[in-house]
Every structure is written in structure tokens, then in C-alpha cells.
**Student:** 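For reference, the structure I am asking about is given below.
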Amino acid sequence: MKLWVRLEEWLLVLMMSVICLLTMANVLSRYVLASSFSFTEELTTNLFAFVIFIGAALLARESGHIGFSLLTDLVPVPLRRAALIVVGCLTSVFFAVLLWYGLEMVMQQYEYGQKTPAMGLPAWWMGLSVPLGAVLCLFRFWEGYIRVWSAMTEIEDGPDGEDRRGEE
């Protein structure tokens, strides 16, 4: 699993580097050559869609998304668990819907043979960011929820492994 996390991190580094280099090259060409590369906007926008999903999934694994921890930290662990289950179910529904409509979009792009305007690439290649990102986020969010659930179990059991559920 560590290899997969490293792969995600390196993909993010690579894609963000390409985005930065393309944008810088386009800006320089505007000032030096008085013309811009037409493909850079299309490529950077589509790469950014992949970056958003991969970054969101990686952050979800680390439980780094903003949440209402101020409220949940003040309630007993059983209520925290209930909140975690509700949030887990809602995010799962969201990403399942995103996956469904993303697949529909990609199949339509493929069926109609749509091409990107500037580069003429198959549009479904770029559209894959939505369903692939939804699947990745589903897995990573649940991985994060399991980590939080385990941390709650450690809080309940105490540092010495003794069950402290009745002491709250």
C-alpha cells in the first residue's frame, strides 16, 4: 500500500510540474514571440482535473479534509462513531453518483467520437479523470474512515489496552 501512496504523490508532483512548465512557457512565448501555444490551456485544465482528484484522495487517506472536529471532539466516542458512519455514507453516495455520471459522460464521449478542440485527442481520455477520481476517492475516504475508527477504539481502550467504555 505504501507503494501506491508514493505513486500518487509522484503523479501529483509530475502533473503539477508539467502544469507549471507549460504555463511558464506559454507566458514567455506571449512576451517573447507575441503568440501563445493554443494547446497549453486545454492540457493544463485537463491535467488539473486529475490533480484535484488524486490530491483529494490522498488527503482523504490522511484525514486531512476539513471537518466539524470541533463538534465531534466534544462528544463521547459512540456519538463520534455515529457521525463518522453518517459522513462515510454521505460521501460514498456522493462519489457513487459522481462515478455513475462520470462513466456516462466518458461513454458518450467515446460513442460520439468527440475530440478535444486544440489537440484533437479523444475527449474521453480527459473525461476519465471523473470516474477514476471517484473510484480513487471512494477507496481513500474509506481508508481514512477506518483509520479514524481505529483511533477511536484506541481512545476507548486506553493506552494500556484496558476497556474504558464505562468510565466516560
Side-chain angles (χ1 to χ4, degrees), residues 1-73 83-84 86-149 151:
M1 203 52 108
K2 186 103 172 143
L3 177 68
W4 186 254
V5 174
R6 289 287 173 223
L7 178 64
E8 288 172 330
E9 290 171 350
W10 278 105
L11 276 172
L12 284 173
V13 168
L14 178 68
M15 287 186 207
M16 286 302 295
S17 298
V18 168
I19 289 170
C20 289
L21 289 172
L22 282 174
T23 304
M24 186 178 78
N26 195 31
V27 168
L28 289 175
S29 76
R30 280 186 198 159
Y31 286 108
V32 175
L33 304 173
S35 69
S36 63
F37 304 124
S38 61
F39 70 93
T40 57
E41 182 180 349
E42 182 177 293
L43 189 58
T44 55
T45 302
N46 288 304
L47 281 175
F48 197 62
F50 281 99
V51 167
I52 287 169
F53 280 112
I54 294 171
L58 196 57
L59 197 58
R61 181 187 177 275
E62 303 298 325
S63 301
H65 285 280
I66 297 173
F68 294 104
S69 64
L70 176 65
L71 298 175
T72 57
D73 288 348
L84 185 66
V86 168
V87 169
C89 290
L90 290 174
T91 54
S92 294
V93 167
F94 172 77
F95 284 115
V97 168
L98 196 61
L99 173 62
W100 176 265
Y101 284 110
L103 283 172
E104 237 179 49
M105 176 189 72
V106 169
M107 288 188 308
Q108 238 179 14
Q109 289 171 335
Y110 181 79
E111 184 180 317
Y112 294 140
Q114 290 178 328
K115 304 276 185 196
T116 59
M119 296 185 297
L121 296 173
W124 66 271
W125 288 1
M126 303 304 177
L128 277 176
S129 65
V130 178
L132 290 177
V135 168
L136 189 59
C137 283
L138 268 170
F139 284 120
R140 289 302 191 183
F141 268 93
W142 275 103
E143 190 176 356
Y145 296 145
I146 291 168
R147 289 169 64 130
V148 170
W149 189 277

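Values below: all heavy atoms of this structure, side chains included; hydrogens, waters and symmetry mates excluded.
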**Student:** Output all residues satisfying side-chain hydrogen bond (donor to acceptor under 3.5 Å, both in side chains) with E42, sequence neighbours left out; order by chain, then residue number.
**Tutor:** T116
**Student:** Looking only at non-hydrogen atoms, find the nearest pair between L12 and G55 and report the distance.
**Tutor:** CD2-N, 3.8 Å
**Student:** Quick one: does any side-chain atom of N26 pair with a main-chain N or O of F37 as donor and acceptor, under 3.5 Å?
**Tutor:** yes
**Student:** Can you tell me if CD on E8 sees more than 12 non-hydrogen neighbours from other groups inside 6.0 Å?
**Tutor:** yes
**Student:** Any side-chain heavy atom of L84 within less than 4.5 Å of one from W149?
**Tutor:** yes
**Student:** Sorted by first residue and then second, give each ring pair (Phe, Tyr, Trp, His ring centres under 6.0 Å) pair with at least one member in residues 14-33; sequence neighbours left out.
**Tutor:** none
**Student:** If I compare all heavy atoms of V106 with all of P131, which pair ends up nearest, and what's the gap?
**Tutor:** CG2-CG, 4.0 Å
**Student:** For R147, check salt bridge (charged side-chain N to carboxylate O under 4.0 Å, His left out) against everything at least two apart and list the hits.
**Tutor:** E62
**Student:** Hey, could you give me the CG/CG distance between L7 and L14, rounded to the nearest 0.5 Å?
**Tutor:** 10.5 Å
**Student:** Show me, pair by pair, the donor-acceptor contacts under 3.5 angstrom made by side chains of residues 117-127, not counting sequence neighbours?
**Tutor:**
none

**Student:** In terms of relative ring orientation, are W142 and Y145 parallel, tilted or perpendicular, with 30° and 60° separating the classes?
**Tutor:** perpendicular
**Student:** Looking at CD of E104 and CG of L99, how far apart are the two atoms once the value is rounded to the nearest 0.5 Å?
**Tutor:** 11.0 Å
**Student:** With Q109, which residues qualify under side-chain hydrogen bond (donor to acceptor under 3.5 Å, both in side chains), at least two apart?
**Tutor:** none
**Student:** Atom SG of C137 and atom CD1 of I54: how far apart are they, to the nearest 0.5 Å?
**Tutor:** 9.5 Å
**Student:** Kindly write out the residues that satisfy side-chain hydrogen bond (donor to acceptor under 3.5 Å, both in side chains) with E9, not counting sequence neighbours, or none if the list is empty.
**Tutor:** R6
**Student:** Apply side-chain hydrogen bond (donor to acceptor under 3.5 Å, both in side chains) to Q108 and list each qualifying residue two or more places apart in sequence or on a separate chain.
**Tutor:** none
**Student:** Taking only residues two or more places apart in sequence or in another chain, which ones pass side-chain contact (heavy atoms from CB on, under 4.5 Å) with L33?
**Tutor:** S29, S35
**Student:** With sequence neighbours left out, what residues match L22 under side-chain contact (heavy atoms from CB on, under 4.5 Å)?
**Tutor:** V18, F39, T40, L43, T44
**Student:** Please round to the nearest 0.5 Å and tell me the distance separating atom CG of L98 and atom CE of M105.
**Tutor:** 9.0 Å
**Student:** Got a sec, which residues hit side-chain contact (heavy atoms from CB on, under 4.5 Å) with I52, two or more places apart in sequence or on another chain?
**Tutor:** F48
**Student:** Please list, chain by chain and in numerical order, all residues satisfying side-chain contact (heavy atoms from CB on, under 4.5 Å) with V13, sequence neighbours excluded.
**Tutor:** W10, S17
**Student:** Rounded to the nearest 0.5 Å, what separation is found between the CG atom of L136 and the CZ atom of F95?
**Tutor:** 9.5 Å
